[in-house]
Amino acid sequence: MTLTLETPQLTTGAALDPADPYERRAQTFPQLTHEQVARLAMFGKQELLPSGAILFDRGQRNSDFFIVLDGAIEIFDHGEDCQPDVFIVLTERQFTGELNLFNERESLVSGRTRGETRLIRVKRADFRRMSSIDVDCAEIIMRAFILRRVGLIRHARGAVFLVGPAHSGDTIRLQRFLTRNAYPHRLLDTETDPDADGFIDCFEIRADQLPVVIDSRHEVLRNPSTAALADALGLTETIDPAHVYDVVVVGGGPGGLAAAVYAASEGLDTLVIEGEAPGGQAGTSSKIENYLGFPTGISGQALSGRAQVQAQKFGAKLAISRDVAGIDCCGSPLVLQLEDGGRVRAETLVIASGARYRKLDLPDYERFEGQGIHYAATAMEAALCGDEEVIVVGGGNSAGQAALFLSRKTRHVHIVVRAPDLSATMSYYLIERILGSPSITLHVRTEISGVHGGERLSEVTLTNKTTGASERLQVCNMFVMIGATPNTGWLQGCLTLDEKGFVATGAAAGVSAASPYATSLPGIFAVGDVRAGSTKRVASAVGEGSVVVSDIHRFLEAKRG
């Protein structure tokens, strides 16, 4: 479907969808006032361009910001026939851009003039300065950029094709990576989607090469690693190995993103290194209802997405799909070794690498990971379940939120916990809803004793610890949310850890410094779930990430005299 702002409605024969940003034109494609244009014009220069002049191309990094004075700008994608497919036309006092203007990632779409066009070009660096100084206009622009990215995802504009069996572990891995990084894509399920056959024949793809990702240049990536996919799609940002950052944050969860927002907003040169996608464990939550300021709740992905944009607005850089493999902590500056062989140098380090859910110790368990065993319960995973029964293992808040979410998407949910009840580990409001739901069965004093199936999970054995009785449930999807294992292996003995592998801080690390987040080495701090003794809550991690920045300032001031 081709969308254009020149028509009074973007859809025909149907009611407007308030969730579609392209139908919220006043916010998604606002028209600035003459006074606002005059203010923003001070940051750029006027240009008069002929019809068809390319302003930015898909795949281009560091594109500029444009405001139309006279004429028009066409925003277009390339269709399957490689011809330009114009889906938005911007006219007088409207502006270009979306979230890629706040980072150094590749543009998802292209823009060109329609007819002779007079416009204001604001260079990338000046756009950043403008966003910091003119806060009123920046609010309008930021809202529009967020909605435009949502529109691109919703309508698969600037998208890649992911072709493969929807229930394959690798297909799920790639789809989860694209979804969590807010990259537009269209999944073609080779088991059910008739369009998939055309792609397989056209690109001569063998079954053993699935899944594949087909990008805008029609290049085929055959079952790529997430790092290779990130590189191919321009999601990664260039890191200068000689550059020394004021602050490097390892981990893009709530604590790490909070540290990045506050550090960058206070003028510190900040880099966040994240191995998968912003949000961490919290980013996989379907809804967080007890986070201050969101009375109706907010999904973990939405919260982390906003925090990521907020950090980038202040100038923080995010290196996505880059895992830290080790650290040289003997000198100054600190040196981090990345898995791809790169290096990052830092004056100070914030460890916010979080924790991951533990795995069940069962035969064949690893075989079903991604093939029916999941560690996140978002809309993407729920779509795999259909009208089926599912199991959620765990008694914490994440498990409770997952169970309630899945109960609205599946036939029935079974919660399995080893404890006699949920009162010691789950918030009261979640327990009340679970016990009152006819779509949820709680199995207490019970454990998973077996997983069974062929290529995919098909049955799970539950055993009651009190009676010893076992039963088999026919389920194809199980969500495991038990305990937490800290992501500290990359520290390689540099810091003092507790007996469970969490980073010791403050007095527990033998540090007399005033900061409760200081580790056993000066200039290295730990916040969030990875810190020993921390409260495993999103709000707590955000608080620690924001407060630690004042400790970083004190350390840098003392170091620099």
Side-chain angles (χ1 to χ4, degrees), residues 172 176 279-291 294 296-303 355-360 362 365 368-370 372-449 451 457-465 471-484 536-538:
I172 294 170
R176 181 179 293 123
Q281 197 176 98
T284 65
S285 296
S286 56
K287 180 178 281 192
I288 303 169
E289 289 189 74
N290 58 353
Y291 188 70
F294 294 92
T296 59
I298 183 172
S299 72
Q301 185 174 346
L303 182 65
R356 59 172 65 94
Y357 291 120
R358 292 196 183 99
K359 301 180 180 183
L360 297 173
L362 295 170
Y365 182 86
F368 295 120
E369 286 185 289
I373 294 178
H374 313 284
Y375 302 96
T378 66
M380 193 199 89
E381 287 81 17
L384 299 171
C385 301
D387 185 27
E388 302 174 355
E389 295 190 12
V390 301
I391 290 176
V392 175
V393 185
N397 276 4
S398 295
Q401 290 160 350
L404 289 168
F405 171 71
L406 292 167
S407 70
R408 301 191 297 271
K409 306 289 184 179
T410 62
R411 186 193 312 161
H412 198 82
V413 177
H414 299 269
I415 299 179
V416 178
V417 294
R418 302 181 65 173
D421 56 43
L422 299 171
S423 60
T425 54
M426 190 179 293
S427 295
Y428 177 76
Y429 78 96
L430 291 173
I431 297 174
E432 286 291 289
R433 292 182 191 175
I434 287 170
L435 297 180
S437 173
S439 301
I440 300 176
T441 299
L442 176 62
H443 302 262
V444 298
R445 296 188 176 91
T446 302
E447 61 185 4
I448 306 297
S449 54
V451 289
L457 181 70
S458 60
E459 289 186 325
V460 175
T461 300
L462 278 61
T463 300
N464 186 286
K465 294 170 55 184
E471 63 174 322
R472 277 200 181 193
L473 296 180
Q474 292 186 350
V475 296
C476 297
N477 291 281
M478 180 169 70
F479 299 82
V480 180
M481 299 175 173
I482 54 171
K536 305 300 187 278
R537 290 286 187 272
V538 174

- Quick one: list whatever passes side-chain contact (heavy atoms from CB on, under 4.5 Å) with N290, sequence neighbours left out.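 In terms of side-chain contact (heavy atoms from CB on, under 4.5 Å), with neighbours along the sequence ignored, N290 is linked to I288, N397, S427, Y429.
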Checking side-chain polar atoms at under 3.5 Å, does [X] have a donor or acceptor matched by the opposite partner on [Y]?
X	Y	answer
Q281	Y375	no
S449	T463	yes
S423	Y428	no

Looking only at heavy atoms, what is the nearest atom pair of [X] and [Y], with distance?
X	Y	value
A399	V392	O-CG1, 3.7 Å
S286	A377	CB-O, 3.4 Å
V480	Y365	CG2-OH, 3.6 Å
R445	P420	NH2-CB, 3.2 Å
V417	G394	CG1-O, 3.5 Å
Y291	L303	CE2-CD1, 4.1 Å

Quick one, [X] and [Y] - any side-chain contact, counting heavy atoms below 4.5 Å?
X	Y	value
I482	Y357	no
H414	L473	yes
Q401	L430	yes
T441	H412	yes
V390	V475	no
N477	C385	yes

Starting at [atom1] of [X], measure out to [atom2] of [Y] and round the result to the nearest 0.5 Å.
X	Y	atom1	atom2	answer
L457	M478	CG	CE	6.0 Å
I448	I391	CD1	CD1	4.5 Å
L384	H374	CG	NE2	5.5 Å
E381	T284	CD	OG1	8.0 Å
D387	R411	CG	CZ	5.0 Å
S398	M426	OG	CE	9.0 Å

- Query: Within the side chain of T425, is there an N or O that forms a donor-acceptor pair under 3.5 Å with the backbone of G395?
  - Reply: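 Yes: the side chain of T425 pairs with the backbone of G395.
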- Task: Look only at the side chain of T446 and the backbone of V444, and say whether a donor-acceptor pair between them is shorter than 3.5 Å.
- Result: yes
- Test side-chain contact (heavy atoms from CB on, under 4.5 Å) on I172 and M380 and set out the steps. CA-CA 9 Å; I172 294 170; M380 193 199 89; 3.6 Å; yes
- Just jot down the salt bridge (charged side-chain N to carboxylate O under 4.0 Å, His left out) partners of E388, sequence neighbours excluded, or say none. none
- For R433, check side-chain hydrogen bond (donor to acceptor under 3.5 Å, both in side chains) against everything at least two apart and list the hits.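 side-chain hydrogen bond (donor to acceptor under 3.5 Å, both in side chains) check on R433 returns E289.
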- Could you check L404 against I440 for side-chain contact (heavy atoms from CB on, under 4.5 Å), going step by step and ending with a plain yes or no? CA-CA 8 Å; L404 289 168; I440 300 176; 3.9 Å; yes
